[in-house]
Amino acid sequence: MGFTEHSVLLEAPEDFNFWLTIRGSGWSVLKPFSFNEERQALSRVHRLSSGETARATVKEKRKGELEILVESHEGLEKSGLEEIEQAVAACLRLDEDQSSLLDLLRGYPEFGWVEEIGAGRSVRSPTVFEDVVKTICTTNASCGLTKGIVSRLYSKLGEVFAGDAYTFPTPERMASAKAEFIKKEIKAGYRSPYIAELARKVVDGELDVEAWNNSSLVSSSLKREILKVKGVGEYAADNILKLLGRYDFLALDSWMRRRFSETHGGGGEVSDEEIREFYAPFGRWKGLVFSLDMAKDYLVPRSR
DNA sequence: GCGTCCAGGTCTACC
DNA sequence: GGTAGACCTGGACGC
C-alpha cells in the first residue's frame, strides 16, 4: 500500500541527545512506539483530532534538528502536520527546560556525566490518558508482562493504520471494551477493572486527566488527585508525575530499591526513607536525578 | 506437557 | 495508621 509522505523539520535543544533519549527510556519499547536500531529512528502511529491516522518516524538530521517523516493514506493538511509536530515534541519533552538541573548538577562532580552525554530526557506519550494506562500496566508486572498487555491493548483495541501498525486505543474504544474483555483478551488480570473504570470516567467527563498537564496544583496536591484513580498507588502516582515533568517524588519500585542497594548500600537492606534522604539535596529534580543515577550503567558508554 | 514457585504494586478488610 | 492476604500473568524450574 502506498502512502503520501511529508518531511517536517523540528528544532531541538542543543543539549538534546536524541538516540540516548530513545534507548534510555522504558516507554520507547511500549507500543505504539517502535524503534529501529540500525536507522536510529523512533516511529509511532498518531491519531489526529480530525480522525485521520498517520505514522511519524523521527530521526536526528543534525545536532539540534530532528526530521519527521510523516506517512498518511490521503496526505495531510498543514494543520495535520503541525499536530504531528506538536505530538512528537511532547513525546520527546523538547519544551522541558533542564538548565536549572544542569546548574545544580555542576555542584556534584559524580553527576558530571549527565551533561557530558546529554542525558536527562525520556519518552512519554502524547496524551496523559495513555501514560496513566501504561503506568497501571507496569504495576506488579515484569517488563515482559507490561509489554504484552500494552501490545494487546494496541492490537486489539487500537485503530489499524497498515499491516500490524495501530494507534493507541482512545478512551472511547477502551471504555467500549468492558473489563471482561480486557481481562480475557488483553490478559491485564486484576488490573482490567481499573483500566476499564479509568476509560469510562474519562469518556463520561468525570475525570480530566489531560488537565494534569497544566495543573496549577503543587505536586503534592496533584499527587493526591492522581491517587484517587483506582489501581494507582504510591509508585504509580510518582511515575505519572514524572511523566508530567514533575520530579518531586522518586517512584520507588522493587527494581529501583534493589539497584540503589547495589550502588549505594553495599547490597544490604536500605529503607525508603534512607533513599529519600540521599536524594533530598536535589530538590524538585530529585526524582529525575534518582532515575539517572540508577540508569547510569546503561546510559554511559562502556568505553568510558 | 504439567505442576509449582516466584516476582511484581495495589486494594481491602481487619486490628 | 499499620499489616496480612488476595489479586493475575508469565517465566523459570523440576519432574
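Throughout, a chain's letter reflects where its sequence line sits, starting with A, and its residues are numbered from 1. The structure displayed is predicted, hence computed values, not measured ones.
Between F111(A) and W113(A), the ring planes are tilted. Angles from 30° to 60° get that label. The aromatic rings of F282(A) and Y108(A) sit tilted relative to each other, their planes meeting at an angle between 30° and 60°.
OP1 or OP2 of dC8(C) sits under 4.0 Å from a side-chain N or O of K183(A). For dG8(B), the OP1/OP2 oxygens have a side-chain nitrogen or oxygen of R258(A) closer than 4.0 Å. Residue R257(A) places no side-chain N or O under 4.0 Å from the OP1 or OP2 atom of dA7(B).
Atom CG in L145(A) sits roughly 13 Å away from atom P in dG8(B) (whole-Å rounding). As rounded to whole Å, 16 Å separates atom P of dG9(B) from atom CD1 of I195(A). Spacing between atom CG of N239(A) and atom C1' of dG9(B) amounts to 12 Å, rounded to whole angstrom units. Atom OH of Y194(A) and atom C1' of dG8(B) are 14 Å apart (whole Å). Rounded to whole Å, atom P of dT10(B) lies 14 Å from atom CD1 of I149(A). In this structure, CG of D238(A) is placed 12 Å from C1' of dG9(B), rounded to the nearest angstrom. For the pair I226(A) CD1 and dG9(B) C1', the interatomic distance rounds to 17 Å; values are reported in whole Å. The nearest whole Å value for the distance from the CG atom in L250(A) to the C1' atom in dG9(B) is 16 Å.
Projected onto DNA chain B by closest heavy-atom contact, K230(A) and S254(A) fall at different nucleotides, the more 5' of which corresponds to S254(A). Mapping Y190(A) and G144(A) onto DNA chain C by nearest heavy atom places Y190(A) at the nucleotide closer to the 5' end.
Nearest nucleotide to the E234(A) side chain, out of dG9(B), dG10(C), dT10(B): dT10(B).
Using a 4.0 Å cut-off between a side-chain N of Lys or Arg and a carboxylate O of Asp or Glu, E71(A) and R55(A) qualify as a salt bridge.
Y166(A) places no side-chain N or O within 3.5 Å of a backbone atom of L157(A) that could act as its donor or acceptor partner.
Side-chain contact between L250(A) and M256(A) is absent, with no heavy atoms from C-beta onward closer than 4.5 Å.
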